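See structure below.
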Amino acid sequence: MPPTYGMYEVSASINNVENKKIPLTEDFQIDVPAVMAQITPATKMIFVCSPNNPTGNLLNKKDVEEILASFRGIVVIDEAYIDFSSEASWSTELSKYRNLVVLQTLSKAWGMAGIRVGSAMADPYIISMLEKIKPPYNLSLPNQQLAFEAMGNVNQKEEEVKLILAERERVKTKLQDFPQVKKIFPSDANFLLVRFEESKPIFDYLIREQVIVRDRSSQINCSNCLRITIGTKEENDQLLKLIRDFYQA
């Protein structure tokens, strides 16, 4: 449901699986009637990204519940950014929906993207099917050890999440001071989707200054939008200074 994470489509294409796109509404929520209208007997999975990437917002729970209750296939909810949200994980609903699969990762809040470790939580029957098709050595021992070590220090992760959330609000407030910033979308993630008067000039300038943000202008309903990841205070200060310098030049 674009705009969303591009790897769902990539993975489908690699496996020669047809991919149907039903755009989110203008406020980046699920168009439930449009989704239901596209379901056929051949439809196997529906992917839901919540909090969504690149928009940052949670998708309405009632909309997701309607799809879970009426669709006979598998509903995959990607929760890569759930640690930055105040809402509970959909993993708490697994006993209610046998067709629900919840994906999480150590790449975001845990700060361990380099080890490529995540998890899938689902009904035991679905997990048993995944066990039959996964490679026998899909996760190396060093990666497992690093993952267990990280998860043994939940307090540190929670403290870092608090810092990121505080910085997210500070950066949002500072960006609102620029008249060239037209809209900052609500975020439950560790980034902000920001609409600029013209995004390309500021994007190109930041690239030249070796500050990387994501240009999402080509995605539906994201014209002139940049996705800005929240970094350390020093990194965020550098970003804000560069934007200020660009517009004051």
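Only a predicted model underlies this, so the values are computations on that prediction, with no experimental measurement involved. Values reported hereafter were calculated over all heavy atoms of this structure, with side chains retained and with hydrogens, waters and symmetry mates removed.
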| request: Name all residues meeting the side chain to side chain contact (heavy atoms under 4.5 Å, CB included) criterion together with Q238; count only those two or more places apart in sequence or in a different chain, and write none if there are none. | output: V211, L242

| query | So, for A109 and V161, which heavy atoms are closest and what is the spacing to 0.1 Å? | reply | CB-CG2, 3.8 Å

| message | Tell me whether the count of non-hydrogen atoms from other residues, nucleotides or ligands lying under 6.0 Å of CZ in R170 goes above 12. | response | yes

| said: Taking ring pair (Phe, Tyr, Trp, His ring centres under 6.0 Å) as the definition, give me every residue that meets it alongside F185, ordered by chain and number, with sequence neighbours left out. | reply: F28

| said: According to side-chain hydrogen bond (donor to acceptor under 3.5 Å, both in side chains), who are the partners of T55, at least two apart in sequence or on a separate chain? | reply: N52, N57

| field | Donor on one side chain, acceptor on other, S89 and Q104, under 3.5 Å | value | yes

| remark: The complete set of ring pair (Phe, Tyr, Trp, His ring centres under 6.0 Å) pairs with one or both residues in residues 112-156, sequence neighbours excluded, reads none

| message | I'd like to know if the side chain of K44 and the backbone of A42 have a donor-acceptor N/O pair within less than 3.5 Å. | response | yes

| message | Less than 6.0 angstrom from the centroid, inside 45 degrees of the normal: does K96 satisfy that with respect to the ring of W90? | response | no

| request: From the options D31, T25, V35, select the one residue that forms a side chain to side chain contact (heavy atoms under 4.5 Å, CB included) with M1. | output: V35

| Without hydrogens or angle criteria, can the side chains of S217 and S223 be said to hold a donor-acceptor pair below 3.5 Å? | no

| Test item: side-chain donor near acceptor, R227 and T229, under 3.5 Å | yes

| query | Just by distance, with hydrogens left out, do E9 and N19 show a side-chain donor and acceptor under 3.5 Å apart? | reply | no

| task | Apply ring pair (Phe, Tyr, Trp, His ring centres under 6.0 Å) to F246 and list each qualifying residue two or more places apart in sequence or on a separate chain. | result | Y205

| query | Counting distance only, does the side-chain N/O of Q180 pair as donor-acceptor with the main-chain N or O of S199 below 3.5 Å? | reply | no

| task | Enumerate the residue pairs fulfilling ring pair (Phe, Tyr, Trp, His ring centres under 6.0 Å) with a member in residues 30-84, sequence neighbours excluded, ordered by first and then second residue. | result | Y8-F47, Y81-F191

